[in-house]
Amino acid sequence: MSPLPPAEQQSAALDDDAHPNTPHGPDTAKAHAAVRGGAFAYFVDQFDIYLPIVVLAPATDYFQSANLSASTTALLASLVFASTLIGRPLGAIIFGHFADTVGRKRTTLVAVGGFGVITLITACLPGHETIGTWSVGLLIALRFIDGIFLGGEYTTAVPLAMEWSPRHKRGLYASLITSTSPAAYAMIAALTLLLLQALPSTGLHSGYVQWGWRIPFLVGALLSALLFRYYLTQVHEPPPEYTGERHKLPLARLLVRYPKSLAQVFVLMTGTWLATNMEAAVTPGQLKEHLLLSSKQVTLTMLVINASAAVSYPLFGLLSQRIGRRRFYIGYGLSVTVIGAGSYSLLMVSDGGLGTALGWGVMIGVFTVGTFGPIAAYLTERFPASIRSTGYGVGYSLALIAPAFYQFYLGQFNGVMPAHLAPAVLIALAGALIAFGGFLGPETRDVDMADDSTIPKLA
């Protein structure tokens, strides 16, 4: 047999790099498009989910009565975020089913279109001065529906990207996708900081409170439209051998045949989300209320925290590819307990102002949410092809519910320890859960995504 011409040899080499497990791997260009799409989708998803935390914090008076107590105001603000988190597991179940039975790409398009429309509607909401308590009620309801579509988006887009990825690069590609989460938070913080610089934000009738907060939501809707177009025109459905045999009831198959795998992922992800909520949702309030930073300084500090996390994700992804996912999560969980909780505590007892907050903020960013670095690779490797979207989505999202009630857990420390130190205890607990979840699970780095028989059992 004559050797291949040089051009065909190069094409074959690219195909082997795209999927070294097969002699004739899929088109490398399609693989790169899927990974770019996964990164873009994750960025837009995270941009959308963190909008109310950062953007609406200076505009609370628009949706709530000024006569409410501080505790009630904080509770309603937490419900806006919690409602989104609670909607995500439902979205994972619904969209995971269709991703495994109908196809990843079409299901992604529906999810992206859905949360884009909801975000646009949110930008048009009237305030408390116009419709009373209906304003915050509608905001919470819309964020819940938004959470359903957001839960659907990553349930479909991430497995699609990982199924196109070569085995030896899954850790890196996964981390590039998930690094867009803190990058999205940093972008929201930067945009909000710019708006606060340009617009007055004091008082109900100030420019930011009345209309400035709407601009980031409109940006989110526009990003959703661009993402929809990208998936429609650039991303392809993975080959059938990488999506597996389709089952009518993938959720039932997951619960009956892989309950231990789901339970192990649940433990790890519960710790992951608990640490995330302490970093993303609780820290801004403590910076303002306890350290007395201004809204601009809080926004800048959160920008630095999340930019630091974004830079660390690819390093963690590469590390997990080198030492293995299991050892990475055991070690990183212990780091969260010691370094993450310690850095948070030292920040809260310091009195160095903005400079100190930025310094400790870097440590908090790197050692609280780094679990997400290789998480896209790990969770897709944990479940077989035929139920991969359902397994990934439910495993990723189901653990959101308990950590979503973080305000209740923090309240249990009242009278026991100062309120500003209580989050450090939950960060330490989160790290212990991450390490324990990693310990319970198997090594997945070398899993063949196309072969159901290679999915490892619990260690």
Side-chain angles (χ1 to χ4, degrees), residues 31-32 34-50 85 88 92 108 111-112 150-166 169-188 223 227 265 268-277 279-280 305-322 325 328-329 332-333 335-336 340 364-383 388-389 391-393 395-397 399-400 403 430 434 437-438 444-445:
H32 290 169
V35 173
R36 285 194 296 268
F40 188 17
Y42 209 81
F43 176 87
V44 177
D45 170 298
Q46 298 300 294
F47 185 94
D48 197 293
I49 197 170
Y50 288 126
L85 301 183
R88 290 173 73 154
T108 301
V112 172
L150 289 171
E153 176 275 319
Y154 59 69
T155 295
T156 56
V158 171
L160 188 158
M162 289 295 96
E163 285 166 343
W164 277 110
S165 300
K169 291 185 178 179
R170 280 201 298 256
L172 174 62
Y173 286 176
S175 65
L176 292 176
I177 289 173
T178 55
S179 68
T180 62
S181 172
Y185 195 117
M187 179 177 172
I188 296 171
L223 288 172
L227 175 62
V265 167
L268 187 145
M269 290 307 302
T270 296
T272 300
W273 287 119
L274 186 59
T276 301
N277 290 347
E279 180 267 333
I305 287 175
N306 285 279
S308 302
V311 172
S312 71
Y313 278 19
L315 300 177
F316 291 147
L318 289 170
L319 180 62
S320 78
Q321 196 67 44
R322 184 175 182 84
R325 319 278 190 240
F328 169 77
Y329 281 119
Y332 185 78
S335 297
V336 172
I364 293 170
V366 173
F367 291 103
T368 57
V369 294
T371 311
F372 285 104
I375 202 69
Y378 184 64
L379 294 191
T380 51
E381 292 162 350
R382 287 296 286 118
F383 300 100
R388 183 166 290 132
S389 278
Y392 174 87
Y396 187 91
S397 299
L400 276 162
I434 293 167
T444 63
R445 176 180 53 181

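Keep in mind that the numbers below use all heavy atoms, side chains included, and drop hydrogens, waters and symmetry copies.
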[X] to [Y] - nearest heavy-atom pair and separation:
{"X": "Glu153", "Y": "Ala111", "result": "N-CB, 3.6 Å"}
{"X": "Val311", "Y": "Leu315", "result": "O-CG, 4.0 Å"}
{"X": "Thr108", "Y": "Thr156", "result": "OG1-OG1, 2.7 Å"}
{"X": "Leu268", "Y": "Tyr329", "result": "CD1-CG, 3.9 Å"}
{"X": "Phe367", "Y": "Ser335", "result": "CD2-CB, 3.9 Å"}
{"X": "Ala377", "Y": "Arg325", "result": "CB-NH2, 3.8 Å"}

Original post:
Once the angle between the rings of Trp273 and Phe372 is folded into 0 to 90°, is it parallel (under 30°), tilted (30 to 60°) or perpendicular (over 60°)?
Top reply: perpendicular
For [X] and [Y], which I'm curious about, is there any donor-acceptor pair between the side chains at under 3.5 Å?
{"X": "Ser165", "Y": "Arg170", "answer": "no"}
{"X": "Tyr154", "Y": "Arg88", "answer": "yes"}
{"X": "Thr444", "Y": "Glu381", "answer": "yes"}

Side chain to side chain, [X] and [Y], heavy atoms closer than 4.5 Å:
{"X": "Tyr50", "Y": "Ser181", "value": "yes"}
{"X": "Phe328", "Y": "Arg322", "value": "no"}
{"X": "Tyr378", "Y": "Arg382", "value": "yes"}
{"X": "Pro374", "Y": "Ser175", "value": "no"}
{"X": "Pro182", "Y": "Val369", "value": "no"}
{"X": "Leu150", "Y": "Gln46", "value": "no"}

Original post:
What do the steps show when you test Leu85 against Ile49 for side chain to side chain contact (heavy atoms under 4.5 Å, CB included), and what is the final call?
Top reply: CA-CA 8 Å; Leu85 301 183; Ile49 197 170; 3.7 Å; yes
**OP:** Take Leu223 and Phe43, measure what side chain to side chain contact (heavy atoms under 4.5 Å, CB included) needs, and give me the verdict at the end.
**Re:** CA-CA 9 Å; Leu223 288 172; Phe43 176 87; 4.0 Å; yes
**OP:** Show your working on side chain to side chain donor-acceptor pair (under 3.5 Å) between Glu279 and Thr368 and close with a plain yes or no.
**Re:** CA-CA 7 Å; Glu279 180 267 333; Thr368 57; 5.0 Å; no
Check whether [X] reaches the backbone of [Y] with its side chain - one donor and one acceptor, N or O, closer than 3.5 Å.
{"X": "Asn277", "Y": "Pro403", "value": "yes"}
{"X": "Tyr392", "Y": "Val158", "value": "no"}
{"X": "Ser320", "Y": "Gly317", "value": "yes"}
{"X": "Thr178", "Y": "Gly373", "value": "yes"}
{"X": "Gln321", "Y": "Gly171", "value": "yes"}

Original post:
Step by step, would you call Ile177 with Met162 a side chain to side chain contact (heavy atoms under 4.5 Å, CB included)?
Top reply: CA-CA 10 Å; Ile177 289 173; Met162 289 295 96; 3.8 Å; yes
**OP:** With side chain to side chain contact (heavy atoms under 4.5 Å, CB included) as the test, would you mind laying out the steps for Val265 and Phe383 before giving the verdict?
**Re:** CA-CA 10 Å; Val265 167; Phe383 300 100; 4.1 Å; yes
Original post:
Centres of the Tyr185 and Phe47 rings: under 6.0 Å?
Top reply: no
Subject >> Tyr332/Phe316 aromatic ring centres below 6.0 Å >> reply: yes
Subject >> Interatomic spacing from CG in Leu379 to OG1 in Thr272 - rounded to 0.5 Å >> reply: 8.5 Å
